[in-house]
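Below, chain A is the first sequence line, B the second, and so on; all start at residue 1.
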Protein chains: 2
Amino acid sequence: MPNQQHPIEQTFIALSDPTRRAVVQALSEGSATVSQLAKPFDMALPSFTQHLGVLENAGLIVSRREGRSRVCSLNPAALKDAEDWMAAHRKQWESRLDRFEAHLQNAKKEKSND
Amino acid sequence: MPNQQHPIEQTFIALSDPTRRAVVQALSEGSATVSQLAKPFDMALPSFTQHLGVLENAGLIVSRREGRSRVCSLNPAALKDAEDWMAAHRKQWESRLDRFEAHLQNAKKEKSND
DNA sequence: TTGTTGGTTAGGCATGGGCCTAAGCGTAAG
DNA sequence: CTTACGCTTAGGCCCATGCCTAACCAACAA
């Protein structure tokens, strides 16, 4: 059964492999079956399917069975979650930097007022 | 010598570990020395320093020596690069979805014009 | 000088991840 | 019914990663 919880950790793990990032990139162009996705890679199919499993487990992709094929599509929500995590910390740091620079400006002004 | 190239791969690898994400989170609150950062973790110092090495190698943090301490700070640029990568693919997929839905709407309208 | 503090280097162990081949299994086609 | 296709399951190999301890080094303190 597919893991219904998709902690952000799984997203970063999934995206830390070049094959899996390439799959995400490919799927951003549109849905595709397993063998269509696998074609560009010089890799045995079971290895490739394992990568898809990691991506699906992270919630980055979803798949539906269609005849004897399996069609995969991107799930933007998981990407968004990871983006948000990074943006939150980045912005907090950037705003601290801004306040620090403002403080420096302020100190400079105070001094020129002496 | 520190790796001067920071491909996006290193960023995702770095963020795929809970200890390292916690460090990023801590550093978003402000700069800190190695031992300050290490304190919350139940881990030998060499293990922790290794994590800092991964983060620095990914360009996520920078550090300067100060006396016998080493002060680390966050580098928002690396976070931004990874955010951008994800946002690009997410948005491309979302816009495809939008066009697809518009197409469905269109087909529906055509049919009602029969 | 002698210690102490803050951190790094060296080296080793155990688990996990990525890759493979071989075999199985359900669906579709002949 | 038999064959072919599109995967998935099982199991094994190998290297990378995360963790440890022990030893080292450089800066400051007594």
Need one value for B/S35: base, sugar-phosphate or nothing, where a base atom within 4.0 Å counts as base even if backbone is also close, heavy atoms only. sugar-phosphate

On the nucleotide C/dT8, are OP1 or OP2 found under 4.0 Å from the side-chain N or O atoms that B/T49 carries? yes

All heavy atoms of A/E9 vs all of B/S16, minimum pair found to be OE2-O, 3.0 Å

Linked, directly or transitively: B/L52 and B/V24 (ILVMFWY side chains, under 4.5 Å): yes

Flag the pair A/R70 / A/T49 as yes when at least one side-chain heavy-atom distance between them is below 4.5 Å, and no otherwise. yes

What one should report as the nearest heavy-atom pair of B/T11 and B/A78 is CG2-O, 4.1 Å

Range on DNA chain D touched by chain A, heavy atoms, distance below 4.0 Å: D/dA4 to D/dT9

Test ring pair (Phe, Tyr, Trp, His ring centres under 6.0 Å) on B/H89 and B/W85 and set out the steps. CA-CA 7 Å; B/H89 298 303; B/W85 187 93; 4.3 Å; yes

Same hydrophobic cluster for B/M86 and B/W93, using side-chain heavy-atom links shorter than 4.5 Å among ILVMFWY? yes

Sequence-aligned protein contact record of nucleotides 17-30 of chain C, with B where the base is within under 4.0 Å of a protein heavy atom and S where only the sugar-phosphate is: -SBBBB----BS--

Do A/L27 and A/F48 sit in the same hydrophobic cluster, where Ile, Leu, Val, Met, Phe, Trp and Tyr count as joined when their side-chain heavy atoms come under 4.5 Å apart? yes

Heavy-atom side-chain contact between A/H51 and A/V23 under 4.5 Å: no

